[in-house]
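What follows is a single structure, written as structure tokens, with notes after it.
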Amino acid sequence: MKLPDKSTELHDVIAAIPNGATVLVGGFGVPGTPFTLLNELARQGQRDLVLVKNDANEAGMGIDHLIKNGQVRKLIVTHLGLNANAIAAMNSGDLEVEFCAQGILAERIRAGGAGLGAILTDIGIETELANGKQVVEMNGRAMLVEPALRADVALIHAAIADPFGNLAYAATARNFNPLMAMAAARVIVEAEALVPLGGLAPDAVETTGAFVDHVVEIKELSQEYGIVRR
Amino acid sequence: MKLPDKSTELHDVIAAIPNGATVLVGGFGVPGTPFTLLNELARQGQRDLVLVKNDANEAGMGIDHLIKNGQVRKLIVTHLGLNANAIAAMNSGDLEVEFCAQGILAERIRAGGAGLGAILTDIGIETELANGKQVVEMNGRAMLVEPALRADVALIHAAIADPFGNLAYAATARNFNPLMAMAAARVIVEAEALVPLGGLAPDAVETTGAFVDHVVEIKELSQEYGIVRR
Amino acid sequence: MSDARSRMVARAAQEIAPGMVVNLGIGLPTQVVNHLPADFPVCLHSENGLTGIGAMLPYDEADRNLIDAGGAYVSTIPGSAFFDSAVSFALVRSGRLDLTLLGAFEVARNGDLANWKIPGKFSPGAGGAIELAQKARRVVVMTTHCDRKGNPKLLDACTLPLTARGRVARIYTDMAVVDVTPNGFALRELATGVSVAELRAATGASITIPQSDIPTF
Amino acid sequence: MSDARSRMVARAAQEIAPGMVVNLGIGLPTQVVNHLPADFPVCLHSENGLTGIGAMLPYDEADRNLIDAGGAYVSTIPGSAFFDSAVSFALVRSGRLDLTLLGAFEVARNGDLANWKIPGKFSPGAGGAIELAQKARRVVVMTTHCDRKGNPKLLDACTLPLTARGRVARIYTDMAVVDVTPNGFALRELATGVSVAELRAATGASITIPQSDIPTF
């Protein structure tokens, strides 16, 4: 036995994403954002996408391209942070935005990856974040039902991958990536380095390749990956 | 600023466990079982304990000592595996045993560590494992409410620790340890090696010390940690 | 191992398609790996937190921290990965486990499985069996056709507490390969030397027999 | 930074006790670390997945993969650890975060906090603010006493959407240190040069004034 090889080409793997797909996108600010996969998705132009991401990147990079192209029907996000374009699109009604508390978004995605139906939490209870949510009583306490979030596709950025899809992340580029890498029917990884099987020690693997469908090596890091001088 | 030092002595840290405590115990079979902490707990003799553990170890090691000493009021477990003593104690009524599906026990502990109220799952539905459990309807589907499990104490075995309590595990000795290390008011770690701050690279840490209260270095590995020839 | 059991194991190994993630139950299922080519692309999963299970090791070569879910000392292969128990069952429940091969006490004609408890006799707890049986994409049973007393294990309805309802797709036994269909059990193949009459006599439910020639294994 | 704000930051730094795990909100709260001794034992937490935040780094020394939750390039210290976003908020929600220092738009006399949304003007989303405010063991606010237009931020009741109910324990402003008590706001200390009358005029709720001498900072 040997572990299966999932390494493939950028174009093909993005071409498998249909219009209307729900797409998890890794990253918290710049670190961990799969810019290479996103740029190809912007180039291919799939439409009616529902994106799930911590933030909307900054203007001129990452999912901002998709928003500006009109490829995004809805964005599920914890904050729009530094992206004035996204805020303007939301305010004009061109972009539907659903806000989620940051840790609850992480847990909803993780619950999807763990094959659970939902989590029960009191986060946001008695605030407007609770509006419209199912409430369950548990030992006399009201808890919000936060449904698991699974997607058609996850776009993941890793520092190192092997051909089976075992992944390691760098520093705070980890963030949502390992959670999202568990929570989609088709998990697509871009890696800064593709090492042979055995190149990642079993204890150093942060996402087992059993969750991963496709691995693409980034040929050259584009400038978005660099330091942002604000 | 520097990170706080939580290294301490075996006797003192076990002496802080009161009678009646609920105690999470790491390990799946031999690997990851905190034998040194358990042996001291058996020596000190705290009673009326509720233990939460994947399995009951094998006869003559680990929590089997506590069961034989009559220190255990209740055991929450996924299976009693190789321990005929534990099965006999259960059958005679000397030991109360609550069974939980393995992955659901893991998720209940993790939910405790994540400050959630519960998870919703269909695991065990329409079987006797669902008996007595709260049921919630979600989008027309019945789901079981599996409450988060938090404890007074967690006993954790790590391969490497630093004085802040950052931990790394070895191979399949990881198992329940990182989950339990998040889910107790007092998290006590035994480590095979205590390295200085900085001795674990930030990306190699598998449990951040922010969850850990006490770290004890194992002076010498007792024979329980070795290969079991069956 | 009897000749019929060996052939059952070899036949069941054909369940494993290239690229699958597979969990093999303790006992007979573990042995199917001996029938796969050295370069066969597959990922074996162990509930205690390992993908990429390597060969079992003798005690004097074992790593004390590296076991499979049955407690056997195993090795890694290039690309193996360790993870915690929550991640391990996340993989099972979220649909990433393509196949599980499990033992059984009883299988019913509707695919119900009982393999963890005999009230009053055997109740050590289910471990990970519930989740494997309920959530693997394909659940296949490997078992002797009858128990040690000669009683059939393939039944109209299970009498023991269930592991999961309606999830078994196929059963490999020392007598036959049997599918669970919407119309109940259907014979696919017979072990060499077993007659249809013998099979019917050893089966506790009706079983559909093909009109055409019945392949043997 | 004005002198009064500098002293507020220095005073708020005393909130941090040895051994604490602390999350500092973006802006003024971040600066309290400048008032801690080099060997002070504390663990700073960043929501994006870091414990043990080191010094901010200039662009030409930064690691492109190492930022804090506010997007600033930071460094590690001996014992720093990285983890994912689920673990990061597990720590917050499960009671492992001893203290958070947060900014505020409004604080009510019952401890209600509004700091994430101004309907129609500012609604970028709450990020991690809800969980920090609702679950940190101690929630302390650092803010100018009034907004830019001179309107009080300490109120009988918040007018803006709440971040969390009844969670603020203490407020540090450029005018005073104010505790939230079961009886509402209670003055603890005054900034040098601020009178009780000035404080009352700048506060949108009644505030209990000590009978004894009022310490200054």
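Nothing here was measured: the structure is a model prediction, and the numbers come from that model. Throughout, a chain's letter reflects where its sequence line sits, starting with A, and its residues are numbered from 1.
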Notebook entry, point to check: With a cut-off of 6.0 Å (strictly less than), are more than 12 heavy atoms of other residues, nucleotides or ligands near CD of B/E9?
Noted result: no
Count the heavy atoms belonging to other residues, nucleotides or ligands that lie under 6.0 Å from CG of B/N139, then report whether that count exceeds 12. no
With a 4.5 angstrom heavy-atom cut-off, is it the side chain or the backbone of [X] that approaches chain B, or both, or neither?
{"X": "D/L50", "result": "neither"}
{"X": "D/S80", "result": "both"}
{"X": "D/V21", "result": "side chain"}

Residues of residues 91-101 of chain D with a heavy atom under 4.5 Å from any heavy atom of chain B, in residue-number order, are D/L91, D/R93, D/S94, D/R96
Among residues 168-175 of chain D, residues within the sub-4.5 Å heavy-atom range of chain B, in order of number, are none
Output for pair (B/M1 CE, D/L44 CG), nearest 0.5 Å, gives 5.0 Å
One option among D/I77, D/D39, D/T51, D/L36 has the most heavy-atom pairs under 4.5 Å with chain B, and it is D/D39
Below 4.5 Å from any heavy atom of chain D, which atoms of [X] appear? Answer side chain, backbone, both or neither.
{"X": "B/A185", "result": "backbone"}
{"X": "B/D203", "result": "both"}
{"X": "B/F211", "result": "both"}
{"X": "B/A184", "result": "backbone"}

Any idea which heavy atoms bring [X] and [Y] closest together, and the distance?
{"X": "B/D162", "Y": "D/G79", "result": "OD2-CA, 3.9 Å"}
{"X": "D/T76", "Y": "B/P202", "result": "CG2-CG, 4.2 Å"}
{"X": "D/C43", "Y": "B/P4", "result": "N-CD, 4.3 Å"}

Exactly one of B/L200, B/L3, B/L197 clears side-chain contact (heavy atoms from CB on, under 4.5 Å) with D/P78, and that residue is B/L197
